[in-house]
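In what follows, chains are A, B, ... by sequence order, proteins preceding strands, each numbered from 1.
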Amino acid sequence: MRMEPGTAVAETTTAGRRAGWRDSDLWYSFSHSPLAIGSATVGLICVLGALGAPWIAPHDPFNVASLSLLDSFKVPLHSWSYPLGTDEQGRDMLSAIMYGGRVSLAVGAASVLFAVVLGVAVGLVAGYAGGPVDAVLMRAADVQLTFPAILMALLVDGVVGAIVPRERHEAVQFYVIVFAIGISRWPQFARTVRGSTLVERGKDYVAAARVIGIGRLRILFGHILPNVLGPVLVIGTLTLGLAILDEATLSFLGVGLPPTEPSLGTLIRIGDDFLFSGQWWVTVFPGVALVLLVLSINLLGDWLRDALNPRLR
Amino acid sequence: MPLLDVRDLTVEFPTRRGTLRALDGVSLALEPGEVLGVVGESGAGKSLTGTAIIGLLAPPGRIAGGQILLDGTRIDTLPEEAMRRLRGRRIGAIFQDPLTTLNPLLPIGRQLTETIRTHLSLSAAEARERAVHWLDEVGIPAASRRIDAYPHEFSGGQRQRVVIALALCAEPQVVIADEPTTALDVSVQAQIITLLKRLTREHGTAVMLITHDMGVIAETADRVAVMYAGRIAELGPVAEVVRQPAHPYTKGLMGSIPSLEHRVARLAQIDGAMPRLDAIPRGCAFHPRCPLAFDRCRTERPEMMPAGPTVAACWRTAAQPAQAMRAADA
């Protein structure tokens with residue numbers, strides 16, 4: 001059977017796309033970097049443990065009916081039932097950490113998402129519009145960068161506290177934290193995206209899209225956006241680690257999430273009270289979990305940055 | 001009535017050291033289905049003419065005078081939104097480098113369907129069908145399967161074919177092709193030119209073909225405009241301009257084309273270089289380099305005047321064409 005040359009070409013490309021991720025440079029770099037594999041494994045275990053908490057955690061630390069004060073301050077590794085010991089209310093530490101990680105991850109991911117959406121939009125518009133629009137947006141970013149996340153959070157917390165009635169505080173606290181962290185992290189995305197947009201804007205495909213008669217918003221979000229997302233992915237990963245730490249810091253200081261919905265930071269703060277009375281595990285294990293989670297995210301982010309940067313290869 | 005009528009187009013760039021006049025009174029017309037070649041040295045204003053017509057002059061460049069009419073309607077004064085709807089639909093454009101004209105992260109099919117749906121009210125499926133049809137038309141093999149491929153999966157020549165499909169898929173009346181073959185190697189150039197010529201003839205599209213390659217012009221164009229220092233030096237049917245150029249600059253250009261038939265030791269050349277935009281001489285811009293220049297050329301700017309079968313901006317050929325030609329031949 002004679003095959004048209006074009007058909008053969010088409011078939012190899014389709015086959016190529018099917019095995020695409022295995023052929024990709026990114027996968028090669030990943031599979032040849034023990035650090036990346038290691039941190040991905042640890043990170044994955046943390047994330048799965050956190051996300052799957054309601055199904056795989058040995059206990060439900062929030063079910064007051066199942067708690068017994070008789071179980072309080074059990075020492076780690078003494079019983080199968082409480083591998084990491086229990087806290088002062090008899091809650092299983094392992095379960096508490098898994099549920100806490102869930103909250104930490106949720107806050108981290110939501111605030112990074114908020115920062116990415118805001119930062120990327122601002123960066124794209126600033127880079128493409130140029131002139132006074134660019135100047136105003138970027139100065140706003142500069143001003144934002146002068147406020148540390150903690151200060152922002154305290155400020156937002158104070159303002160929300162004054163506006164929202166007291167009984168609703170706990171309900172809105174999640175959003176307050178997400179807003180506070182997100183708003184303090186967007187300028188980095190805006191600056192990076194603006195820089196890349198300035199480069200992409202001058203390329204021929206943008207001129208070609210204009211010549212074809214495609215609208216400005218479509219050019220911005222349909223054509224330029226995909227070309228500037230690479231660095232955003234890297235910064236987003238690294239910022240996720242930072243955002244989780246921001247949240248832990250806020251919770252440790254007591255302005256974060258309420259104890260009814262404890263994150264890793266809240267657990268560390270609660271455990272801190274017992275550190276010197278000998279029950280070290282109540283604060284150390286959530287701390288270790290936080291370190292493992294953030295470290296693996298950061299290491300993955302570092303690897304991603306190196307793998308996506310052709311100049312460092 | 002011509003399809004595209006450019007009258008006395010003047011484009012200026014205000015700079016710190018004064019206003020530069022990059023196009024000065026350019027007039028040309030494009031009939032339906034016609035191929036008009038625009039030639040000239042780098043910086044003569046060829047591409048700028050195209051950019052001005054399509055309304056994409058980069059600031060601070062601006063149209064300082066003249067009119068651009070499409071089908072009898074002025075388009076140089078249209079608001080941006082109306083101009084946007086016109087681009088691609090009524091005036092298409094093809095750029096020099098097919099490697100950078102396509103968005104590297106979008107499948108070519110998406111770029112085609114996006115263009116089609118921007119201008120024609122078609123459903124996604126209809127637009128896709130049309131995109132496949134156009135890919136087929138420009139000679140991409142197995143178009144229905146290749147439509148979801150990314151630009152890097154095509155060769156340079158194929159990418160330029162895709163770019164041509166992109167420019168023509170909304171069936172514009174005019175296409176401005178700015179050096180469409182410069183980035184391609186010679187054998188592919190011929191294919192692309194043939195393709196462009198066939199498609200535009202089939203669809204009755206008028207083409208403004210900007211190039212510095214006289215060979216491409218001679219093969220493709222019906223008429224040719226020769227540009228020099230932001231002005232048109234000579235305009236006429238391609239055969240006449242090539243065979244008996246009236247303007248000394250055109251003559252110099254033709255003399256500098258290597259020929260297979262006549263072996264010459266050294267190709268003719270035009271001495272000197274085109275003037276900078278801030279130092280265009282008074283009178284005829286070409287006079288410092290012109291072997292035939294006389295007093296009038298140095299003081300008074302020549303308008304376009306009939307010179308035999310063509311129209312040229314030259315005092316010599318207008319005043320005494322026969323003598324001038326003899327002098328130039330000598």
Side-chain angles (χ1 to χ4, degrees), chain A residues 2-20 23-25 124 128-134 196-233 308 310, chain B residues 50-51 54-56 58-59 80-81 83-107 110-112 114-119 139-151 153-155 158 163 166-167 169-170 172 175-176 178 183:
Chain A
R2 214 177 66 88
M3 232 187 353
E4 204 189 327
T7 326
V9 171
E11 259 152 24
T12 35
T13 27
T14 328
R17 195 159 304 124
R18 219 172 285 132
D23 286 340
S24 69
D25 293 345
L124 275 176
Y128 194 68
V133 177
D134 180 27
S196 315
T197 306
L198 282 178
V199 174
E200 296 298 322
R201 175 177 79 162
K203 292 199 175 160
D204 275 354
Y205 73 84
V206 175
R210 294 181 64 195
V211 158
I212 283 161
I214 293 170
R216 205 175 305 164
L217 280 180
R218 282 204 80 146
I219 291 179
L220 211 46
F221 290 97
H223 291 249
I224 297 182
L225 180 62
N227 284 292
V228 299
L229 278 185
V232 171
L233 190 64
L308 289 180
Chain B
T51 318
I54 213 156
L56 286 179
E80 173 57 27
E81 181 55 25
M83 195 62 205
R84 182 185 71 72
R85 255 177 274 135
L86 201 118
R87 281 186 214 123
R89 180 74 188 94
R90 299 184 61 197
I91 306 183
I94 299 168
F95 290 123
Q96 178 172 344
D97 191 353
L99 305 187
T100 55
T101 310
L102 296 167
N103 190 331
L105 290 184
L106 301 181
R110 228 198 92 183
Q111 304 185 42
L112 277 164
E114 190 177 17
T115 310
I116 293 169
R117 296 194 69 188
T118 301
H119 297 296
I140 300 287
S144 56
R145 252 175 292 183
R146 295 281 273 158
I147 186 166
D148 293 317
Y150 287 85
E153 297 173 273
F154 292 90
S155 71
Q158 280 182 318
V163 171
L166 210 50
C169 65
V175 168
I176 294 171
D178 192 353

Is there side-chain contact between A:Tyr205 and B:Leu106, with at least one heavy-atom pair below 4.5 Å?
no
Answer with side chain, backbone, both or neither: which region of B:Ile176 has an atom nearer than 4.5 Å to a non-hydrogen atom of chain A?
neither
Whether the side chain of B:Arg87 engages the backbone of A:Ile212 through a donor-acceptor N/O pair (distance < 3.5 Å, no angle test) should be reported.
no
Between B:Glu80 and chain A, with a heavy-atom cut-off of 4.5 Å, which part of the residue counts as in contact: side chain, backbone, both or neither?
side chain
Tell me, side chain or backbone of B:Thr115 under 4.5 Å from chain A's heavy atoms, or both, or neither?
both
Only pairs of heavy atoms separated by less than 4.5 Å count here; which of B:Leu86, B:Asn103, B:Thr100 has the most with chain A?
B:Asn103
What side-chain donor-acceptor pairs closer than 3.5 Å can you find for residues 215-224 of chain A, not counting sequence neighbours?
unit_1	atom_1	unit_2	atom_2	d
A:Arg218	NE	B:Glu114	OE2	2.9
A:Arg218	NH2	B:Glu114	OE2	3.3
A:His223	NE2	B:Glu114	OE1	2.7
A:His223	NE2	B:Glu114	OE2	3.4

Select one option (side chain, backbone, both, neither) describing which atoms of B:Arg84 are under 4.5 Å from chain A's heavy atoms.
both
Between chain A and each of B:Cys169, B:Gly88, B:Pro172, B:Pro151, count heavy-atom pairs under 4.5 Å; write down the option with the most.
B:Gly88
Taking side chain as everything from C-beta outward and backbone as N, CA, C, O, which of these in A:Ala209 sits under 4.5 Å from a heavy atom of chain B? Side chain, backbone, both or neither.
neither
Heavy-atom pair count under 4.5 Å with chain B, highest-scoring of A:Ile214, A:Val211, A:Asn227, A:Asp204:
A:Val211
